[in-house]
Amino acid sequence: MQSNYIEQLNPQQKAAVLYTDGPELVIAGAGSGKTRVLTYKIAYLLDQGVAPWQIMALTFTNKAAREMRERVELLLDAQDLGKLWMGTFHSIFARILRLNAEKIGFKSNYTIYDASDSVSAIKHIIKDLGYDDKVYKPSSIQARISNLKNAMVSPADYKRDKRWAQEDIEAKRPYLGVIYDAYCTQCRNSQALDFDDLLYYTNVLLRDNPDVRARYMQQFKYILVDEYQDTNFAQDLIIKQLAGDDTKICVVGDDAQSIYSFRGANIDNILNLQSIYPGLKIFKLEENYRSTQNILDVANSLIAANTHQYRKHIFTHNGAGKKVRVIRCASDYEESYIIANTIASLKRQAGYKWSDFAVLYRTNSQSRVIEKALNSGGLANDHGHMRSPIPYRIYGGLAFFQRKEVKDALCYFKMVINPDDEAIRRIINYPRRGIGDTTVEKIHRCAARKKVSMWEVITRPGFYGLDVNRGTLGKIASFKAKVDEIQQLDRAGKDAYETARGIIEKTGLLEILMGDKTPENISRQENLQELLNSVKEYVDNHLEETGNVATLAEYLTDAALATDQDNDQNADGDCVTLMTVHAAKGLEYRNVIISGVEDNRFPSYKNQDRLAQIEEERRLLYVAITRAKENCIMLYSDTVVMAGKPTPVAPSRFIMDIDPKLLLMSQTSFAASKAGSYDSYHSRWDRENEEGYKEHNAHQYQSHRASDSPTRAESQHLQAASPRRLTPVRQVQGRPTTGGGSAHTPDELHVGTVIKHARFGEGTVTNIDLTTDAKITVNFNALGQKLLLLKFAKFDIVG
DNA sequence: ATAGCGTCCGACCGG
DNA sequence: CGGACGCTAT
Ligand SMILES: Nc1ncnc2c1ncn2[C@@H]1O[C@H](COP(=O)(O)OP(=O)(O)OP(=O)(O)O)[C@@H](O)[C@H]1O
């Protein structure tokens with residue numbers, strides 16, 4: 001434990017950390033240290049003797065959860081943090097549901113439908129019911145059902161309270177209730193929960209089981225929640241249900257950063273806290289530690305345009321810094337090269353690392369063109385040589401676990417744990433075994449009629465009266481035999497890795513890909529291998545930190561919720577970060593580049609009708625700007641390629657909200673050469689030639705060809721993908737893995753021994769504790785003190 | 001039943 | 001442009 005960590009807080013932060021007499025709310029602007037208060041508070045509580053398992057700490061995004069773990073880890077050297085309930089809402093409550101599944105009528109081996117499973121299930125239901133899938137667009141229906149669940153409206157509630165049905169009648173989809181009902185029935189028959197169910201059923205569990213609720217209220221003495229302004233009804237309700245008389249809640253948030261209304265987030269949740277917890281103590285933080293004065297001024301100038309906001313006083317002692325720049329480009333193609341060049345030249349001039357840069361955008365699809373530019377390293381230099389590629393890493397988008405070959409393997413894993421309908425549909429005919437759509441539909445219809453899962457029907461086709469011919473029946477029987485065979489692999493005592501490896505072997509998934517040696521197939525093989533490595537690593541971590549063997553079911557839960565695990569090989573190295581603004585919430589970078597600041601993206605073309613929508617979009621840009629510590633650069637283009645066609649777009653109206661004196665406007669010469677159609681904006685440009693943007697040769701950008709560099713899909717298959725480490729929910733994450741190591745006995749070690757741990761690097765043993773389980777305390781060079789359970793820790797003895 | 005090909009459509013944000 | 005879907009020939 002760092003001894004004087006409390007002194008690293010300002011007086012307001014300190015007061016918020018030390019306050020333990022009752023419920024508290026920290027409401028403050030961006031970069032004022034709200035998350036810092038949360039992390040220090042966790043450290044302080046543990047220091048005061050609160051047990052780790054009595055503390056629940058919740059975040060929204062996976063990335064924020066990882067960052068918080070890292071921050072706490074740095075503060076708390078040798079603490080045993082394995083039992084801290086820290087993670088995203090979904091991961092923490094998935095765990096609680098796993099422990100209490102039977103109370104909500106599910107089995108504890110339930111599986112999780114990810115977003116694509118949900119949409120696919122809904123699509124089939126719409127087809128079954130004979131509705132037009134143009135009117136009932138599966139993805140919109142899924143979004144609507146998600147909203148209903150987030151508002152705690154069950155299919156029965158939907159029938160009871162006509163208000164909801166009225167909305168759908170107005171939206172011209174009167175049969176939504178029927179689809180909703182059928183979908184829930186199918187999920188239940190399949191023993192599957194979707195993402196929203198994790199929150200919905202947690203509420204049901206706590207509501208209908210006073211004993212369970214009492215137990216958790218008793219257990220969790222402290223509940224800490226980051227970004228509370230983005231909680232939806234279901235999340236807010238869970239917190240209210242868990243907060244007993246002895247529970248101290250500590251939530252932090254900023255109404256100016258509420259950007260998740262599309263999934264039901266409601267600012268009122270944070271503003272109404274006071275009426276729910278009469279003793280609520282409110283702390284305000286006013287000093288921004290993150291950004292330069294210039295960046296802060298721009299952000300404040302922008303957000304001042306919002307009418308619905310609670311004005312906060314915020315100041316900084318940081319220097320003025322560089323002005324925020326706005327750059328007009330001719331096309332998104334040119335823009336992406338300007339981004340690559342700007343990053344490369346800033347790095348060169350100011351000695352930044354790649355990881356000091358983040359490129360933020362509104363939608364994931366914008367990453368593609370930027371990736372191309374980064375891969376090419378930006379402009380060709382004067383001698384025509386291409387620069388070396390700029391390493392980058394993408395969060396969000398198509399995650400590792402969503403890739404076809406990986407998902408197929410995961411579905412086989414599911415077959416062992418709980419063969420849900422969506423998993424069956426995916427793999428019943430992969431590898432090909434002659435069971436086509438017709439048969440699958442028959443099985444599905446039969447299952448729906450008898451209100452059982454498809455697997456039930458497959459197990460006893462005669463009993464359920466499945467109407468298929470003899471040959472097909474034989475094929476179904478041999479499919480069942482195959483699944484039975486792999487189910488035998490998941491015997492007690494076997495860890496997830498052994499089971500997973502067995503499944504891949506028995507199903508021959510790797511062999512199928514050996515068939516032809518296309519680069520795609522080689523890459524797919526490597527991905528499967530990488531999946532196994534990920535399971536192995538998960539099992540090792542779990543063992544080391546909790547002393548328990550990880551089950552395949554636990555691994556599957558985490559894999560389903562890891563929607564942002566990317567697939568870049570140099571993921572752990574020094575690289576630029578690419579992500580959406582939503583994903584960047586709560587994070588910070590020395591240099592932030594915001595791409596596509598145009599009027600169809602900021603605000604999104606979908607959110608331009610109502611004032612509330614516009615204001616949320618403005619907050620989104622506010623969040624983006626306030627991620628920056630030192631440099632903030634916004635870019636927009638005159639034309640953007642949409643659906644393959646260059647389309648003219650206007651600059652974001654939000655740029656006009658910002659006091660022009662605060663901005664440095666410039667444009668590329670190519671953009672300038674095309675006399676603009678947006679004169680009100682053009683008149684704001686500085687004459688000065690900011691960093692030579694006019695110098696760039698226009699013709700370099702004129703071609704917009706796909707073949708200049710490999711597409712993302714191409715380059716993905718040229719190199720092996722790999723997921724980031726998956727770590728158990730209740731476990732604090734270590735550093736990137738390098739090397740192996742083996743287990744050791746106490747007599748091989750003494751105080752002063754230098755060891756090299758697989759994940760924590762080199763360190764010196766400072767204490768050996770043989771009382772119960774042999775534990776050693778090691779002072780790691782990079783991470784400080786850590787407590788290791790000797791029987792599980794893997795390391796090499798260096799000296 | 002399925003591979004392969006042409007056509008059509010449409011494009012948000014996260015767990 | 002790229003993914004999803006449907007038609008056709010085997
Ligand atoms: N008292 C302090 N002294 C020094 N640095 C601080 C202090 N408080 C916060 N910081 C630093 O300021 C930065 C922003 O802090 P933090 O991320 O906790 O803010 P936040 O209020 O959660 O921001 P946001 O709302 O944008 O997520 C961090 O780099 C943090 O380390």
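In the text below, chain A, chain B and the rest are named by the order of the sequence lines, each starting its count at 1. Every value quoted in this text rests on a predicted model; they were computed, and no experiment measured them.
No side-chain donor-acceptor contact under 3.5 Å links A/Ser367 and A/Tyr392. With no hydrogens or angles considered, no side-chain donor-acceptor pair links A/Ser139 and A/Lys123 at under 3.5 Å. A donor-acceptor pair shorter than 3.5 Å can be found between the side chains of A/Ser120 and A/Glu422.
Sequence order on DNA chain B of the closest nucleotides to A/Asp437 and A/Lys63 puts A/Asp437 first from the 5' end. With DNA chain B read from its 5' end, the first of the two nearest nucleotides for A/Ser146 and A/Ile435 is the one closest to A/Ile435.
Between A/Asn600 and B/dC12 there is no side-chain polar atom (N or O) within less than 4.0 angstrom of OP1 or OP2. For B/dC13, the OP1/OP2 oxygens have no side-chain nitrogen or oxygen of A/Ser604 closer than 4.0 Å. Distances shorter than 4.0 Å separate none of the side-chain N or O atoms of A/Thr88 from OP1 or OP2 on B/dG14. Remark: A/Asn429 is in phosphate contact with B/dT2, judged by side-chain N or O atoms under 4.0 Å from OP1 or OP2. Using a 4.0 Å cut-off, no side-chain N or O of A/Thr363 falls inside it from OP1 or OP2 of B/dC12. Between A/Ser365 and the phosphate of B/dC12, there is no side-chain N or O to OP1/OP2 separation shorter than 4.0 Å. The phosphate of B/dC13 has OP1 or OP2 within less than 4.0 Å of a side-chain N or O from A/Asn364.
The CG-P distance, from A/Leu360 to B/dC12, rounds to 19 Å in whole Å. Atom NZ in A/Lys134 sits roughly 9 Å away from atom C1' in B/dC9 (whole-Å rounding). When rounded to the nearest whole Å, the span between CG of A/Leu621 and P of B/dC13 equals 17 Å. Taking atom CG on A/Asp230 and atom C1' on B/dG15, their separation rounds to 13 Å, with Å as the unit. Put simply, CG on A/Leu199 is 16 Å from P on B/dG14, counting in whole angstrom units. When the C1' atom of B/dT2 is taken as reference, atom NZ of A/Lys475 falls 12 Å away, rounded to whole Å. One interatomic measurement links the two molecules: CE of A/Met642 to C1' of B/dC9, which rounds to 14 Å at whole-angstrom precision. Regarding A/Phe60, its CZ atom lies at a distance of 14 Å from the P atom of B/dG14, rounded to whole Å.
With P as the reference atom, C/dA4 and B/dC13 are 15 Å apart, rounded to whole Å. B/dC12 and C/dC5 are spaced 15 Å apart, taking the P atom of each and rounding to whole Å.
Evaluation of the side-chain hydrogen bond (donor to acceptor under 3.5 Å, both in side chains) rule for A/Asn607 yields A/Glu617 as partners, not counting sequence neighbours.
Of the residues in residues 257-268 of chain A, A/Tyr260, A/Phe262, A/Arg263 come within less than 4.0 Å of DNA chain B through at least one heavy atom, sorted by number.
Between A/Tyr622 and A/Ala299, the shortest heavy-atom distance links the atoms CD1-O, 3.4 Å.
Among the atoms of the strands shown, base atoms are found under 4.0 Å from some heavy atom of A/Asp196. Note on A/Asp114: nothing from the nucleic acid sits closer than 4.0 angstrom, heavy atoms only. Within 4.0 Å (heavy atoms only), A/Gly644 reaches at least one base atom of the nucleic acid. Nucleic acid contact class of A/Lys585 (heavy atoms, under 4.0 Å, all strands): none. At the heavy-atom level, A/Arg432 lies under 4.0 Å from the strands shown only through sugar-phosphate atoms.
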Listed pairs, N/O of protein and of nucleotides 5-8 of chain C, under 3.5 Å:
from: C/dC5; atom 1: OP1; to: A/Lys123; atom 2: NZ; distance (Å): 2.9

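Within a 6.0 Å sphere centred on CG of A/Asp437, other residues, nucleotides and ligands contribute 12 heavy atoms or fewer.
Closest approach to the A/Arg368 side chain among B/dG14, C/dG3, B/dC12 is made by C/dG3 (side chain taken as heavy atoms from C-beta onward). Listed nucleotides B/dG15, B/dC13, B/dA1 differ in distance to A/Thr439; the shortest reach to its side chain belongs to B/dA1. Of all nucleotides listed (B/dG15, B/dC12, B/dC13), B/dC13 comes nearest to the side chain of A/Thr580. Nearest nucleotide to the side chain of A/Thr563, out of B/dG14, B/dG15, B/dC12: B/dG15.
Taking the six-membered ring where the residue is Trp, A/Tyr110 and A/Phe106 present perpendicular rings, their angle passing 60° and hence far from 30°. Using a 30° and 60° split on the angle between ring planes, A/Tyr555 and A/Phe401 fall in the perpendicular class, above 60°. Using cut-offs of 30° and 60° for the angle between ring planes, the A/His582 and A/Phe262 rings count as perpendicular.
Within the 6.0 Å centre-distance limit, the rings of A/Tyr136 and A/Tyr131 are counted as a close aromatic pair.
The only member of A/Ser652, A/Ser637, A/Pro651 that meets side chain to side chain contact (heavy atoms under 4.5 Å, CB included) when paired with A/Glu598 is A/Ser637. Here the options are A/Asn232, A/Asn203, A/Asp197, A/Asp196, the test is side chain to side chain donor-acceptor pair (under 3.5 Å), and the partner is A/Lys149; only A/Asp197 passes.
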